[in-house]
Amino acid sequence: MTSDSRLEKVLAQGEFAVTSECGPPRGVDPDSIRDKGELLKDSVDVVNITDNQTSVVRMSSLSACVILKQLGIDPVLQMVTRDRNRIAIQSDILGAAALGFNNILCLSGDHQKFGDHGAAKNVYDLDSIHLIQTVKHMRDEGKFLGGDELKGVPRLFIGAAANPFADPFEFRVTRLAKKVAAGAQFIQTQCIFNIERFKTWMEQVRERGLHEKVHILGGVTPMKSIGMAKYMKNMVPGMDVPDELIERIKGVDKEKRAQEGIKIAIETIQQLKEIEGIHGVHIMAIEWEEMVPKIAEAAGLLPRPQVN
Amino acid sequence: MIIGEGKPIKDILFMIQNYSKVIVAGCRGCVTVCSAGGEKEVEVLSSALAMARENEDKPLEIKEVTLERQCDPEYLEQMRSYIDEYEAVVSIACGAGIQFMAEKYPKIPICPGINTNFIGVTEEQGVWSERCQACGNCKLHMTGGICPIARCSKSILNGPCGGSADGKCEIDPEVPCAWQLIIDNLKEQGRLDQLEVIIPLNDWTTSRDGGPRKIIREDLKL
Ligand code: SF4
């Protein structure tokens with residue numbers, strides 16, 4: 001074991017992992033994190049806390065992770081390279097380990113243009129692959145990037161994201177291979193709405209044997225409404241929402257559409273379970289956390305396994 | 001070359017509102033080529049300023065001059081004989097030229113008449129785009145001759161990120177994704193294996209992050 005991560009243990013036991021995430025509030029109220037945490041607690045193995053996602057300022061991921069940890073949840077600290085240079089990143093990694101966090105998800109982050117502070121300067125001293133290398137270097141070599149020895153190493157389970165739906169398609173697996181080579185141990189994918197395209201991507205993943213080197217968790221997001229589906233399709237970078245899916249939701253009565261979205265999510269999980277090399281799911285129920293236990297239950301993912 | 005763009009006339013009028021005798025100084029270097037600060041632009045800007053001030057009933061006396069280069073002391077020296085007769089200089093050279101003017105003539109206020117935007121190329125008549133960030137550590141041999149530092153919106157050295165769609169960058173469907181261009185180029189040359197290599201984290205000491213930069217060539221010094 002490289003860490004005390006609950007996720008690492010679940011995966012090592014060969015269990016199908018379930019992860020979820022929540023976004024911190026746009027204010028100082030810790031209860032909003034606690035409420036989401038309580039909803040997710042018994043249905044998932046770990047909970048990601050997003051890091052100023054879509055470049056909208058929120059409570060820091062590190063602080064929100066502390067709040068989750070107090071509830072007995074094993075948090076996944078998401079960290080983007082948009083807002084911090086290598087000095088701040090390494091410093092936060094040390095802090096994360098000192099606070100008892102076991103997981104980190106390494107991301108480059110959405111461009112600040114998407115958020116509410118478009119006039120900000122971005123940092124991008126490192127890219128997401130460098131961030132993976134940095135965590136691994138600190139953990140396994142016991143050294144800072146600058147070369148000095150660490151006094152105590154951060155034992156972190158290292159995650160990264162993969163978007164099988166971004167372009168150029170034929171290069172997405174190469175990029176995954178680079179993340180794995182850099183030290184990624186688990187991957188959470190972009191939301192999967194186009195399962196056929198995802199399967200093709202997984203074929204390429206298996207061709208390169210990557211499914212044996214890294215744990216891939218498929219991203220699943222339930223659609224709440226037609227509006228949300230359209231927004232995801234048109235406004236979110238790198239999202240592939242097929243028209244058939246929108247049509248399917250449109251095909252049911254308005255008050256049943258959310259339910260249809262949940263049904264699709266459950267079917268997606270069932271299909272993911274059948275794909276060789278998929279070791280779990282990452283359920284992103286955006287501001288709809290109360291649905292996660294229902295989805296997990298219906299998809300046969302409960303109860304979550306015990307770990308030592 | 002260095003690409004610049006004229007500032008809005010009202011901004012320039014605001015900067016010179018308290019002066020009645022100014023020099024408008026152009027440059028025959030890069031800013032002439034990109035039609036932002038050459039002789040023609042000096043003429044156009046001067047008559048626009050004069051006309052606007054005429055309308056305000058606050059006439060402005062303008063001397064028009066276009067130096068060979070504002071980034072070279074020998075050409076800046078040409079203004080020495082008359083500069084004291086004026087209250088301010090509106091320079092429409094690049095940021096380097098404007099500053100060198102200010103440095104050589106510290107007593108007179110210098111007003112920037114253009115914004116200096118980037119190091120770039122002329123894509124076609126009237127269209128310029130960025131190519132270089134002057135990071136001081138060129139890696140173009142690794143990236144298909146396309147610079148990810150200057151041309152990827154996130155300066156990612158191991159792209160493309162998950163936002164690349166249809167060859168375009170996540171920030172704007174009009175902006176090409178630099179990493180798509182890199183991949184296209186390497187594919188064309190049969191060098192896709194290059195993409196398997198992790199380009200290591202960058203050493204920014206040669207970039208502006210290392211502090212203001214200076215080059216001294218002993219072999220060329222007089
Ligand atoms: S879409 Fe391409 S150019 Fe834009 S940030 Fe991502 S990798 Fe860079």
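The basis for the numbers below is simple: all heavy atoms, side chains too, and nothing from hydrogens, waters or symmetry mates. Given the structure is predicted, the values throughout are model-derived calculations rather than measurements. Each chain gets a letter, A, B and so on, in the order the sequences are listed, and its residues count up from 1.
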Starting at CD1 of B:I62, measure out to CG of B:L45 and round the result to the nearest 0.5 Å. 7.5 Å
Is a side-chain donor or acceptor of A:R58 paired with a backbone partner of A:P24 at a separation under 3.5 angstrom? yes
Highest number of heavy-atom pairs under 4.5 Å with chain B: which of A:A162, A:A161, A:P164, A:G109? A:G109
In terms of side-chain heavy atoms, does B:E123 have a donor or acceptor partner in B:S129 at a distance below 3.5 Å? yes
Please walk me through it: do A:F198 and A:I278 pass side-chain contact (heavy atoms from CB on, under 4.5 Å)? CA-CA 11 Å; A:F198 185 74; A:I278 292 295; 3.7 Å; yes
Under 3.5 Å, side chain of A:D51 to main-chain N/O of A:S61, donor-acceptor pair present? no
When only pairs under 4.5 Å are counted, which of B:D166, B:I198, B:D172, B:V197 shares the most heavy-atom pairs with chain A? B:I198
What I'd like to find out is whether the side chain of A:T2 reaches to under 4.5 Å of the side chain of A:F157, using heavy atoms alone. yes
Value for NE2 (A:H282) from CG (A:L217), rounded to nearest 0.5 Å, stands at 8.0 Å
How far apart are the C-alpha atoms of A:I246 and A:V241, what are their side-chain angles, what is the distance that settles it, and do they pass the side-chain contact (heavy atoms from CB on, under 4.5 Å) test? CA-CA 8 Å; A:I246 298 183; A:V241 183; 4.0 Å; yes
Heavy-atom pair of closest approach, residues B:C27 and B:E68: SG-O, 4.1 Å
Can you list the steps and then say if A:I216 with A:V214 is a side-chain contact (heavy atoms from CB on, under 4.5 Å)? CA-CA 6 Å; A:I216 300 173; A:V214 70; 4.0 Å; yes
Where A:T134 and A:I93 come nearest, the two heavy atoms and their spacing: CG2-CD1, 4.4 Å
Can you tell which of B:D72, B:L67, B:T66 makes a side-chain contact (heavy atoms from CB on, under 4.5 Å) with B:Q70? B:L67
Most contacts with chain B, counted as non-hydrogen pairs under 4.5 angstrom, among A:R175, A:M239, A:Q112, A:R172: A:R175
side-chain contact (heavy atoms from CB on, under 4.5 Å) for A:M228 and A:T221? Distances and angles first, verdict last. CA-CA 11 Å; A:M228 175 177 173; A:T221 289; 3.7 Å; yes
Okay, A:K178 and chain B: the region with an atom under 4.5 Å from a heavy atom over there is both
Residues of residues 201-212 of chain B contacting chain A, heavy-atom criterion under 4.5 Å, by residue number: B:L201, B:N202, B:W204
Exercise: identify the closest heavy-atom pair between B:P73 and B:F100: CD-CE2, 3.6 Å
For A:F114, is it the side chain, the backbone, both or neither that has a heavy atom under 4.5 Å from a heavy atom of chain B? side chain
Whether B:K168 and A:D167 form a salt bridge (side-chain N of Lys/Arg under 4.0 Å from carboxylate O of Asp/Glu) is what I want to check. no
For the candidates A:D125, A:N122, A:N163, which exhibits the highest count of non-hydrogen atom pairs separated by less than 4.5 Å from chain B? A:D125
Using heavy atoms and a sub-4.5 Å threshold, report which of residues 182-191 of chain A line up against chain B, by residue number. A:A182
For A:L107, is it the side chain, the backbone, both or neither that has a heavy atom under 4.5 Å from a heavy atom of chain B? neither
Under a 3.5 Å cutoff, is there a donor and acceptor pairing between the side chains of B:E170 and A:H111? no
Any side-chain heavy atom of B:I108 within less than 4.5 Å of one from B:M101? no
Side chain B:K58, main chain B:Q17, donor-acceptor under 3.5 Å: yes
Give me the contact list for residues 180-193 of chain B versus chain A, heavy atoms only, anything under 4.5 Å, ordered by residue number. B:Q180, B:I183, B:K187
For A:D110 and A:T54, indicate whether the former's side chain and the latter's backbone hold a donor-acceptor pair under 3.5 Å. yes
Report yes if the side chains of A:Q78 and A:Q53 come closer than 4.5 Å at any heavy-atom pair, otherwise no. no
Toward chain A: residues of residues 143-163 of chain B with heavy atoms under 4.5 Å: B:S153, B:K154, B:I156, B:L157, B:N158, B:G159, B:P160, B:C161, B:G162, B:G163
